[in-house]
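In what follows, every chain begins at residue 1, and chains take the letters A, B, ... in the order their sequences are listed.
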Number of protein chains: 2
Amino acid sequence: MTSLAASAALIGDPARAAMLQALLPGEALTAGELARVAGIGAPAASAHLKALTEGGLVGVHAQGRHRYHRLAGEEVATALEALLALPAGGIRAPWPHGDALRRARLCWGHLAGQLGVGLHGAMAAQGWIAPAPGGWQATPSGEAALRDLGVDLGAARAAPRFACDCMDWSERRPHLAGGLAREVTAALLRRKWLVRPEAASERPLRRRLLLCTPEGARQLQGLGIAA
Amino acid sequence: MTSLAASAALIGDPARAAMLQALLPGEALTAGELARVAGIGAPAASAHLKALTEGGLVGVHAQGRHRYHRLAGEEVATALEALLALPAGGIRAPWPHGDALRRARLCWGHLAGQLGVGLHGAMAAQGWIAPAPGGWQATPSGEAALRDLGVDLGAARAAPRFACDCMDWSERRPHLAGGLAREVTAALLRRKWLVRPEAASERPLRRRLLLCTPEGARQLQGLGIAA
DNA sequence: ACGACGCTTCGTCGGGGGGTGAAGCGTCGC
DNA sequence: GCGACGCTTCACCCCCCGACGAAGCGTCGT
């Protein structure tokens, strides 16, 4: 079996693909979480994760009775994103976890989903951020606008990365990540433009759900972010 | 089935992967050629090609009783290259077609394989070529050196693309493509540094084999190309 | 020390997908 | 027009892979 076929076959199983997609944002997830994401039982998930690990696509880190899995490297994320960019039969498969999660959710503490991608585009379009080596920097006018929004730029700069792209698995386009993205998200939550649902379900994906308030929708639309 | 799993599963079959790999350089191949490359019968190849076409990975062009297949687009090549860059079990699978083909072969009329990749690196390292939008340009000193080699730069510039990168599937690194690469290869063949084997086998891959003469190995080594 | 919990391994089963051979269809060459 | 040729479709078979249940192992909480 050639290397190409082996790698692709590893990703090509629906359960493994769901796991990898869940790992794409960079978070490390436990075997149980990945089993629920993939919609399979623990034994099947264990077998899949073993295959992914032995295939060099996933790295494992044992911590107590949990085993945390993450993508093995940058090339793996690159390959997954390249595959996500393919037409795949021409029809975008419906995302099984509902529209709400696709609309807005947390990804490493920052906003992802339609709103995350929209926010990224709007910030770039309005000149709040400009490309910089390894990511983005804030422009002077952007700093002023962000401060008006209540963003703590000092906290944002304290993060290891100020602002960089993070592939959004539901939108297939990058949203903003890094300290800036986290602080912007925090500011939007403080302003109650976004809220976390009351009863966070036990399902890991649901725990990341964000809801956009009517006031938030109005304000974000005013900033040029498509509702 | 999510889009990721569907695309990857399409590539993940050994026969389909072999076909896609054969199409990676950009050449259009007939169903029969692809069947031989994949080592399967015509019916199986037909089914695989139908799946690849319906999946949007491959495009078809009927010409007489032949049906020519090529990769559907740039994104497909990108995805394949990203997958080829993965460790795939940590071990590079042995290339079943022998070392000779990996060492030097034709790819769209230009040199590929170890020598192709090495030539590309040497030309860049010695400042013969410099990055340009969409590919490479020849520097003044490079033009002189190339003319000394007997390269017809006029013919090279007449090609639709002068010089650009082409992913080398055996080396996993780019070699030089475009009009310049084709003319350089022609010059090396004229100088008998490279020769085509006497009896070109009927197997399509063997038809592209190039052999490096002792004189050629010496000369190329003098140019900084690893033997 | 005991049970609860997370995860893995083993054994077993079932379904789907890839393979071939035979047949059918359209195109090329004499 | 006839066979040769390239390719596709059809029917069929078989193997492999992924699912689950039960059991085992190690870790955490009390």
Side-chain angles (χ1 to χ4, degrees), chain A residues 1-2 4-23 27-55 57-70 88-89 96 202-204 207, chain B residues 1-2 4-20 22-23 27-55 57-70 89 202-204:
Chain A
M1 166 114 65
T2 85
L4 176 63
S7 306
L10 222 42
I11 307 172
D13 177 86
R16 287 194 293 264
M19 292 176 169
L20 291 168
Q21 213 162 1
L23 293 172
E27 247 167 315
L29 300 176
T30 68
E33 285 173 321
L34 289 169
R36 282 189 289 276
V37 166
I40 56 178
S46 185
H48 284 308
L49 288 169
K50 185 181 178 189
L52 288 172
T53 305
E54 288 179 350
L57 266 54
V58 159
V60 196
H61 168 66
Q63 191 171 335
R65 54 183 165 182
H66 298 282
R67 301 194 69 194
Y68 286 92
H69 299 77
R70 61 171 61 240
E202 82 287 353
R203 288 160 62 192
R207 275 210 296 266
Chain B
M1 167 116 62
T2 85
L4 176 62
S7 305
L10 221 42
I11 307 172
D13 177 85
R16 286 195 293 263
M19 292 176 169
L20 290 169
L23 293 171
E27 246 168 315
L29 299 177
T30 67
E33 285 173 319
L34 289 168
R36 283 189 289 275
V37 167
I40 55 178
S46 184
H48 284 308
L49 288 169
K50 184 181 178 187
L52 288 172
T53 305
E54 289 177 351
L57 265 55
V58 158
V60 196
H61 169 67
Q63 190 171 335
R65 55 182 165 182
H66 299 282
R67 301 195 69 193
Y68 286 93
H69 300 76
R70 60 172 63 242
E202 81 288 352
R203 287 160 63 193

query: Taking atom P of dA19(D) as reference, at what distance in whole Å does atom CZ of Arg36(A) sit?
result: 17 Å
message: Given dC20(D), dT8(C), dG18(D), identify the nucleotide with an atom nearest to the side chain of Asp13(A).
response: dG18(D)
- prompt: Per the side-chain contact (heavy atoms from CB on, under 4.5 Å) rule, which among Val60(A), Leu34(A), Leu20(A), Asp13(A) passes with Leu52(A)?
  reply: Leu20(A)
query: Within the structure, does a side-chain N or O atom of His48(A) lie under 4.0 Å from either OP1 or OP2 of dC17(D)?
result: no
query: When the distance from NZ of Lys50(A) to P of dA19(D) is rounded to whole Å, what number comes out?
result: 16 Å
query: Hey, does the side chain of Thr30(A) come within less than 4.0 Å of dG6(C)'s phosphate (OP1/OP2), counting only N and O?
result: no
Nearest-angstrom distance from the residue atom CG of Leu52(A) to P of dT8(C): 12 Å
task: Take the protein atom OH of Tyr68(B) and the nucleotide atom P of dT8(D), then report the distance between them rounded to whole Å.
output: 13 Å
message: Donor-acceptor pair, distance only, cut-off 3.5 Å: does the side chain of Ser46(B) make one with the backbone of Ala42(B)?
response: no
- prompt: Does any N or O in the side chain of Arg16(A) come within less than 3.5 Å of the main-chain N or O of Ala9(A), such that one atom is a donor and the other an acceptor?
  reply: yes
- request: Would you tell me if any nitrogen or oxygen in the side chain of Arg16(A) comes within less than 4.0 Å of OP1 or OP2 on dG18(D)?
  value: yes
statement: Atom CD of Glu54(B) and atom P of dT9(D) are separated, to the nearest Å, by 9 Å
field: Nucleotide dG18(C), atom C1' - distance to CG of Leu49(B) in whole Å
entry: 14 Å
- prompt: Between Arg67(A) and dT8(C), does any side-chain N or O lie under 4.0 Å from OP1 or OP2?
  reply: yes
- prompt: For the residue pair Ala38(A) and Ala18(A), what are the closest heavy atoms and their distance?
  reply: CA-CB, 4.0 Å
Length of the line joining His61(B):NE2 and dC7(D):P, which is rounded to integer Å: 13 Å
message: Just so I know, are the side chains of Met19(B) and Val37(B) near enough to count as touching, which here means a heavy-atom distance under 4.5 Å?
response: no
query: What is the distance, rounded to the nearest whole Å, between atom CE of Met19(B) and atom P of dC7(D)?
result: 11 Å
message: Just to be sure I understand the rule, does Ala31(B) reach a base, reach only the sugar-phosphate, or reach nothing, if contact means heavy atoms closer than 4.0 Å?
response: sugar-phosphate
